[in-house]
Amino acid sequence: MDHKAFSDIVLFTGNSHPELAKEIADLLGVEIGSSDVKRFSDGEVSVSIWQSVRGKDAYIIQSTCAPANDNLMELLVMTDALKRASVGRINAVIPYYGYARQDRKAKARDPISAKLVADLLVTAGVDRVITMDLHAAQIQGYFDIPVDHLIGMPILAKYFREKALEDVVIVSPDHGSVVRARSMAQLLNCPIAIIDKRRPEPNKSEVMNVIGEIKGKNCIILDDMIDTAGTITNAANAIKERGAKNVFACATHGVLSGPAIERIDKSAISELVLLNTVPIPEEKKIAKMKFLSVAPVFAKAIDRIHNNGSVSTIIDETFNM
C-alpha cells in the first residue's frame with residue numbers, strides 16, 4: 001500500500017474493538033486519531049475529538065457487539081461529533097453489524113431492528129458503511145448510502161486449504177447457510193452436506209436430518225456467527241454420531257454468549273476457527289479455538305475506497321494470497 005496516499009485520512013475507534021482498529025491502522029501506516037470515548041457518571045456517552053478533521057476522509061472502526069447498545073451509541077455519537085467538526089466523509093467500519101438477526105417480520109408485531117439501526121446510522125451522518133458477513137445480505141438494501149459488504153469465508157477457506165485435509169465435506173448447519181457453504185466448497189473443490197433443523201424458539205435448535213454423505217469424511221461446518229453455540233454444536237454432534245471422521249467448525253463472528261463456551265468444549269468439534277470481528281475475552285478462549293485476523297481485508301478495503309479502487313476483487317485476492 002502507498003502510505004503517502006493516506007495524508008487526508010483519519011481513523012478513529014470506540015471501545016468495542018481497539019485492538020482490531022490498531023491492527024488495521026498499522027497495516028495502513030497511519031495513527032489512530034486522537035479522541036476520547038468515555039461515560040458521564042449516569043452512563044451517557046461522552047466523545048471528544050482532539051485533532052482537526054476538517055475535509056478529511058474519516059473511518060470509525062466499531063463493531064456493534066456486546067454491549068451492543070453502548071457500542072452502537074458510541075458509533076452514533078462519534079459520527080455526530082465528526083460531522084459537526086466539518087469532516088469530509090464519514091465511513092462506518094462495522095466488522096460485526098449488531099441487530100442483524102431481526103431483518104424481517106417473521107411473525108406479527110415483530111420489529112425490523114436491522115433497518116432501524118441502518119436509519120440511525122444514516123440520520124447520524126454516516127456516508128458509507130463497510131461491514132463483513134451480514135446475517136442477511138438484503139440488509140445492504142436498508143441503507144440509502146453505499147455499503148461495502150466484505151466476505152470472511154475466503155480467509156477461512158484459505159486456512160483449511162493450507163491444512164491439506166483429505167475427504168473434505170463442507171457442512172451447512174441450516175438451510176440459510178447453504179449458499180455460503182456452496183461458495184466455500186467451490187473454493188476447496190469438495191462436496192457439501194446440509195443439516196435439516198428446526199428452531200422451536202430463539203437460541204434453540206434441533207437437528208432433524210443430515211442431507212449428504214458425511215460418513216468417514218473430514219467435515220467443516222461453516223456459519224456466519226456463533227452466539228449460544230446451540231446450532232453448531234448440535235450439528236457437530238449429529239454428524240459425528242452419523243460417522244464423520246473429524247468435525248471442524250468455523251464462523252466469521254464469535255459472539256459466544258451464555259452457555260457457548262461450555263457447549264463448544266463438550267462438543268464433537270475438534271477445532272473451532274473464528275475471525276476477530278468480535279473481541280474474545282481471554283477467559284472465553286479454550287484450547288480448541290483458533291483465531292484469524294480480518295485486519296488485512298479491512299485495511300485493503302479502506303485503501304481501495306479511499307483511492308477509488310475496486311473492492312469486489314478483494315474476495316478472490318484474499319483466498320489466493
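Model, not experiment: these values are computed from the prediction. The residues of the chain are indexed from 1 along the displayed sequence.
In this model, a donor atom of one side chain and an acceptor atom of the other lie less than 3.5 Å apart for Asn91 and Asp57. Residues Gln138 and Asp103 have side chains that bring a donor and an acceptor to within less than 3.5 angstrom of each other. Tyr99 and Asn69 are linked by a side-chain donor-acceptor pair at a separation below 3.5 angstrom, with hydrogens and angles left out of the test. Inspection of the Gln62 and Ser16 side chains reveals an N or O donor paired with an N or O acceptor under 3.5 Å. With 3.5 Å as the limit, one finds no donor-acceptor pair spanning the side chains of Arg180 and Ser183. Donor-acceptor pairing under 3.5 Å is recorded for the side chains of Arg304 and Thr313. Under 3.5 Å, the side chains of His253 and Thr277 contain a donor-acceptor pair of N or O atoms.
Checked against Ile145 for a side chain to side chain contact (heavy atoms under 4.5 Å, CB included), the options Asp127, Ile90, Val126 give a single hit: Val126.
Under a cut-off of 6.0 angstrom, the local environment of NZ in Lys115 is crowded, with over 12 non-hydrogen atoms contributed by other residues, nucleotides or ligands. No more than 12 heavy atoms of other residues, nucleotides or ligands sit less than 6.0 Å from atom NZ of Lys38. Within a 6.0 Å sphere centred on CG of Asn189, other residues, nucleotides and ligands contribute 12 heavy atoms or fewer. Other residues, nucleotides and ligands contribute over 12 non-hydrogen atoms within 6.0 Å of the CD atom of Gln51. A 6.0 Å sphere centred on CG of Asp144 holds no more than 12 heavy atoms belonging to other residues, nucleotides or ligands. For NZ of Lys290, the number of neighbouring non-hydrogen atoms (other residues, nucleotides, ligands) closer than 6.0 Å is 12 at most. Residue Arg104 qualifies as open at atom CZ: its count of foreign heavy atoms under 6.0 Å is 12 or below.
The side chain to side chain contact (heavy atoms under 4.5 Å, CB included) check on Pro191 picks up Val169, with sequence neighbours excluded. Remark: Asp224 pairs with no residue by the salt bridge (Lys or Arg N to Asp or Glu O under 4.0 Å) rule, at least two apart or across chains.
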Intermediate values then yes/no, side chain to side chain donor-acceptor pair (under 3.5 Å), Thr64 and Asn71: CA-CA 5 Å; Thr64 50; Asn71 288 328; over 6 Å; no

Side chain to side chain donor-acceptor pair (under 3.5 Å) for Thr252 and Asp133? Distances and angles first, verdict last. CA-CA 7 Å; Thr252 302; Asp133 282 350; 2.3 Å; yes

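Judged by the 6.0 Å distance and 45° axis criteria, Lys288 is not positioned over the aromatic ring of Phe248.
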Output side-chain donor-acceptor pairs under 3.5 Å for residues 210-221, partner residues at least two apart or in another chain, one line each.
| residue | atom | partner | partner atom | Å |
| --- | --- | --- | --- | --- |
| Glu213 | OE2 | Lys215 | N | 3.2 |
| Asn218 | OD1 | Asn246 | ND2 | 2.9 |
| Asn218 | ND2 | Glu166 | O | 2.7 |

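Closest of all the heavy-atom pairs between Val37 and Gly14 is CG2-CA, 4.3 Å.
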